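Okay, structure first, notes after.
Fair warning: this is a prediction, and the values are worked out from it, not measured in the lab.
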Amino acid sequence: MKHRKFTSDLCLLFVAFVWGSTFLVVQHAVFVLPPLAFNAVRFAGAALLFGLVALLGRRRRQSNIRSDTRALLLHGALLGAFLFGGYAFQTIGLVYTTTTNAGFITGLSVVLVPFISLWLAKQRLQPRTWIAAALALAGLYFLAFNGGAVHLNEGDGYVLLCSFCFALHIAFTGKYAATHNTVLLVTVQFAVVALAAAGSSFLFEPQLTGAALWEALAEPKVIVALLISICISTAFAYWAQTWCQQYTSASRVAVIFAMEPVFAAITGVTFAGETVGLWAIMGCLLILAGMLVAELK
């Protein structure tokens with residue numbers, strides 16, 4: 001069990017690395033294909049991929065897990081709704097706020113997850129969990145604002161809703177991960193996100209004609225971003241999160257995921273020529289310290 005716990009934490013750290021390091025790739029793609037449309041294609045592709053895996057592996061499903069179809073669909077749809085809400089509110093918020101504010105407020109899920117987990121599990125959290133969350137939150141502040149003041153604006157409320165949605169997704173994944181087949185649970189939530197994103201894109205985003213849509217999808221940067229997003233940062237990442245949360249707590253997951261902006265900063269410095277100041281470096285170190293405290297026995 002201890003070995004699986006350690007393996008799951010390493011796997012989650014790799015997921016944070018994937019999300020942080022692929023941010024630039026996706027950012028370039030959404031200049032060509034609108035964000036909600038991009039997410040619709042991204043999650044539809046991941047749902048089809050996992051649906052195929054589920055069909056091929058139906059004879060070798062986890063024999064120790066027996067869940068009825070109704071509960072699977074209900075729980076998968078709930079997780080999908082939280083996941084879509086996180087992406088949708090973040091996209092809307094970015095229209096009215098800065099990426100700095102959005103990054104920090106999204107990171108508030110590190111603090112929200114322990115409270116939600118406390119409510120769900122009715123269990124007392126260990127002191128190191130609170131210390132780890134506080135260190136990670138302080139690190140996110142320094143990384144986002146370079147030690148300066150926080151200037152809130154109208155879009156920050158949407159991003160706060162995004163943070164709640166991501167926190168709820170992490171917490172409820174921890175609740176349902178052990179009661180359902182991982183592949184099936186992930187497939188259902190991907191399908192829900194794809195449908196919700198497609199519907200929202202149709203209602204709120206500029207519509208691309210058939211020719212324009214195919215032209216956008218044929219752009220090399222969009223193809224690369226979709227391939228990476230579908231196979232790695234969506235299919236693998238959320239499968240890994242769901243599987244790993246059978247062996248580790250939601251609060252630890254939130255602290256580990258706080259490393260995502262650290263990896264994003266490293267990627268920006270390495271490949272986009274961005275600069276990172278002393279405060280940002282201190283923020284990265286605080287986030288790392290929070291993750292290490294979460295691992296202390």
Worksheet item: With a 4.5 Å limit on heavy-atom distance, are the side chains of P35 and E205 in contact?
Response: yes
Discussion item. For A136 versus V110, what's the shortest heavy-atom pair and its separation?
Written reply: CB-CG1, 3.7 Å
Worksheet item: When the ring centroid of W130 is compared with that of F115, is the distance short of 6.0 Å?
Response: yes
Item to complete: State yes or no: do L49 and L184 share one hydrophobic cluster built from I, L, V, M, F, W and Y residues joined by side-chain heavy-atom distances below 4.5 Å, directly or via other members?
Response: no
Worksheet item: Does the S163 side chain pair with the main chain of S109, one donor and one acceptor, at a distance under 3.5 Å?
Response: yes
Item to complete: Would you confirm whether S8, through its side chain, and K5, through its main-chain N or O, come within 3.5 Å as a donor-acceptor pair?
Response: yes
Worksheet entry | Check: R252 main-chain N/O paired with S249 side-chain donor or acceptor under 3.5 Å | yes
Worksheet item: Given F82 and F172, is the ring-ring contact (aromatic ring centres under 6.0 Å, His included) satisfied, shown in steps?
Response: CA-CA 9 Å; F82 291 146; F172 276 86; 5.4 Å; yes
Worksheet item: Which heavy-atom pair separates C231 from A235 by the least distance, and what is that distance?
Response: O-CB, 3.7 Å
Discussion item. Under 4.5 Å between side-chain heavy atoms, counting indirect links through other Ile/Leu/Val/Met/Phe/Trp/Tyr residues: same cluster for V222 and L48 or not?
Written reply: no
Discussion item. Over 60° means perpendicular and under 30° means parallel, so tell me whether F236 and W239 are parallel, tilted or perpendicular.
Written reply: tilted
Worksheet item: Which heavy atom of A77 sits nearest a heavy atom of V188, and at what distance?
Response: N-CG1, 3.8 Å
Worksheet item: Can you get from F204 to V41 by hopping between Ile, Leu, Val, Met, Phe, Trp and Tyr side chains that sit under 4.5 Å apart?
Response: no
Discussion item. Using only atom types and a distance under 3.5 Å, with no angle test, would you say the side chain of T234 pairs donor to acceptor with the backbone of S229?
Written reply: yes
Worksheet entry | In one Ile/Leu/Val/Met/Phe/Trp/Tyr side-chain cluster, 4.5 Å: L226, L195 | no
Fill in: Distance (rounded to the nearest 0.5 Å) between L74 CG and Y176 OH
6.5 Å
Fill in: S200 side chain to A196 backbone, donor-acceptor under 3.5 Å
yes
Worksheet item: Less than 6.0 Å separating the ring centroids of Y238 and H169?
Response: yes
Worksheet entry | Heavy atoms from other residues, nucleotides or ligands near OH of Y87 exceed 12 (cutoff 6.0 Å) | yes
Worksheet entry | Donor-acceptor pair between Q189 and H75 side chains, under 3.5 angstrom | no
Discussion item. Hydrophobic cluster membership, with links at side-chain heavy-atom distances under 4.5 Å among I/L/V/M/F/W/Y: are Y141 and F263 in one?
Written reply: yes
Discussion item. For T242 versus A177, what's the shortest heavy-atom pair and its separation?
Written reply: O-CB, 3.2 Å
Worksheet entry | Residues in ring pair (Phe, Tyr, Trp, His ring centres under 6.0 Å) contact with F257, at least two apart in sequence or another chain | W19
Discussion item. List the residues meeting ring pair (Phe, Tyr, Trp, His ring centres under 6.0 Å) with F164, not counting sequence neighbours, and say none if there are none.
Written reply: none
